[in-house]
Amino acid sequence: MESAPESGFPWPEGYRAAVAVTFDMDAESVMLAADPTLADRPSLMSHQRYGPVTGVPRLLRILADRDVRATFFIPGHSAERYPDAVAAILAAGHEVAHHGYLHENLVGASEADERRYLELGLKALDKVAGARPAGYRAPWWETTPRTLELLAEYGFAYDSSLFDRDIPYRIVTPTYSLVEIPVSWALDDWEKYAFWPGVTGSGVIEPPSAVLANWWEEVQAHEAEGGCCVLTMHPFLSGRPARARALDALLDRILERPGLWVATMGEIAGRLVM
Ligand SMILES: [Zn+2]
């Protein structure tokens, strides 16, 4: 029996830390939100389409082989465009969560706009997935001072857009209550792999072996600290062969550690139900 986690977080009996495997199935939306004229660049659009068309099936196979359930944050626009991918994700038992409608950046958004993005995203997921998501991740991890309260008003159980802790926590104010599951840019594959000349990325594309080594370091440190390690990946990036193979290897290592609880974001938020 391992010692109790440093963090004091109430992980399930026998576990000292958690790993959440999450994917943002952005597809074209993340580009179109930044600049609608990018729709006229078929090569760039196809780079994004790789996610739902080729990446998701490969990633679902890897998750099924390991019996790991993941959380997929899906913009409403991407859900409507790729209903088959959403159906496959749900059929495999994974969690589907809200990620805006057209992956809108909330910086400077009005309350009316913010409500509209939430409602459009909910409507799309209801239509395509028949599901009311419990979780939300702000596109670009950018929120407004009113985002969390709006999420609570719309019935969400958790958000995953803030950066201030290593463990999930409950935000309680006089007007609302919501679970926050914090994230880290160091655990986001965008920083490792994304590149389109003039659109995104530094031009340095990291080898999957380096990302595997980096993330394994992160997982081990989270395990030591009793934290919650939230891997954030994109099917158009991490769904490519060598990168998917690196994820496969990382999952093997994680699953060999008996003290690590591999869970969906919804399951992790559930540890803080009031
Ligand atoms: Zn995204």
Side-chain angles (χ1 to χ4, degrees), residues 20-60 62 70-79 81-82 85 97 99-109 117 137-143 160-163 182-219 229-251:
V21 178
T22 76
F23 297 95
D24 296 356
M25 200 187 88
D26 293 342
E28 295 95 329
S29 68
V30 64
M31 298 295 168
L32 298 177
D35 179 359
T37 68
L38 295 178
D40 297 329
R41 293 171 61 175
S43 293
L44 173 58
M45 291 298 104
S46 75
H47 178 260
Q48 300 305 114
R49 189 165 63 245
Y50 186 94
V53 170
T54 307
V56 166
R58 175 175 291 126
L59 294 165
L60 290 180
I62 288 171
T71 300
F72 286 76
F73 293 88
I74 306 181
H77 179 275
S78 302
R81 193 166 276 200
Y82 300 103
H99 194 42
Y101 180 72
L102 191 68
H103 206 278
E104 300 87 359
N105 190 326
L106 295 181
V107 175
Y117 304 151
R137 172 175 284 162
W140 301 106
W141 281 331
E142 288 282 6
T143 53
S160 182
S161 313
L162 303 183
F163 294 79
V183 289
S184 162
W185 280 111
L187 291 165
D188 187 328
D189 66 351
W190 197 291
E191 296 313 296
K192 314 291 186 190
Y193 296 141
F195 178 58
W196 190 276
V199 177
T200 190
S202 65
V204 177
I205 300 174
E206 290 191 35
S209 54
V211 177
L212 169 63
N214 179 198
W215 283 358
W216 180 233
E217 261 185 283
E218 293 276 351
V219 169
C229 187
V230 180
L231 299 170
T232 298
M233 296 165 281
H234 300 75
F236 76 89
L237 296 170
S238 282
R240 291 193 178 262
R243 298 165 180 181
R245 188 178 287 191
L247 172 60
D248 203 9
L250 180 64
L251 291 176

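Residues L187 and V230 form no side-chain contact, since every pair of their non-hydrogen atoms from C-beta on lies 4.5 Å or further apart. Counting heavy atoms from C-beta on, the side chains of R240 and Y193 never come closer than 4.5 Å. Between D189 and L247 the shortest side-chain heavy-atom distance does not fall below 4.5 Å. Side-chain atoms of K192 and S238, non-hydrogen and from C-beta on, never get closer than 4.5 Å to each other. Taking the side chain as every heavy atom from C-beta outward, F195 and T200 never approach each other to under 4.5 Å. Within the 4.5 Å cutoff, the side chain of R245 has no heavy atoms near those of the P208 side chain. Residues W141 and D188 meet the side-chain proximity criterion, which asks for heavy atoms closer than 4.5 Å.
Taking both residues in full, the closest heavy atoms of E206 and A210 are given as OE1-CB, 4.3 Å, listed atom of the first, atom of the second, then distance. Residues P197 and R41 share a closest heavy-atom pair of O-NH2, 4.5 Å. Of all the heavy atoms in L59 and P235, the pair that sits closest is CD1-CA, 3.8 Å. Across all their heavy atoms, H99 and A138 have their closest contact at CE1-O, 3.8 Å. When all heavy atoms are compared, the tightest approach of L212 to A246 is CD1-O, 3.5 Å. Residue S160 comes nearest to V183 through the heavy atom pair OG-CG1, 3.2 Å, listed as atom of the first residue, atom of the second, then distance.
In terms of the side-chain contact (heavy atoms from CB on, under 4.5 Å) criterion, residue partners of E217 (sequence neighbours excluded) are, by chain and number, N214. Residues meeting the ring pair (Phe, Tyr, Trp, His ring centres under 6.0 Å) test with F236, sequence neighbours left out: H47, W190, H234.
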Atom pairs and distances, donor-acceptor, side-chain atoms in residues 28-37, under 3.5 Å, two or more places apart:
unit_1 : atom_1 : unit_2 : atom_2 : d
E28    : OE1    : Y82    : OH     : 3.1
E28    : OE2    : R81    : NH1    : 3.3
E28    : OE2    : Y82    : OH     : 2.7
S29    : OG     : D26    : O      : 2.6
S29    : OG     : S78    : OG     : 3.4
D35    : OD1    : T37    : N      : 2.9
D35    : OD1    : T37    : OG1    : 2.7
D35    : OD2    : T37    : OG1    : 3.0

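Interatomic distance, R243 CZ to R58 CZ, rounded to the nearest 0.5 Å: 11.0 Å. One finds the CD1 atom of I74 at 11.5 Å from the CZ atom of F23 (value rounded to the nearest 0.5 Å). For the atom pair M233 CE and F73 CZ, the distance stands at 11.5 Å (nearest 0.5 Å). For the atom pair CG (L237) and CD1 (I205), the distance works out to 9.5 Å, reported to the nearest 0.5 Å.
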Subject >> Worked check of ring pair (Phe, Tyr, Trp, His ring centres under 6.0 Å) between Y117 and Y101 >> reply: CA-CA 5 Å; Y117 304 151; Y101 180 72; 8.8 Å; no

Subject >> Check against side chain to side chain contact (heavy atoms under 4.5 Å, CB included), L162 and T143 >> reply: CA-CA 9 Å; L162 303 183; T143 53; 4.2 Å; yes

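A donor-acceptor pair shorter than 3.5 Å can be found between the side chains of T22 and R137.
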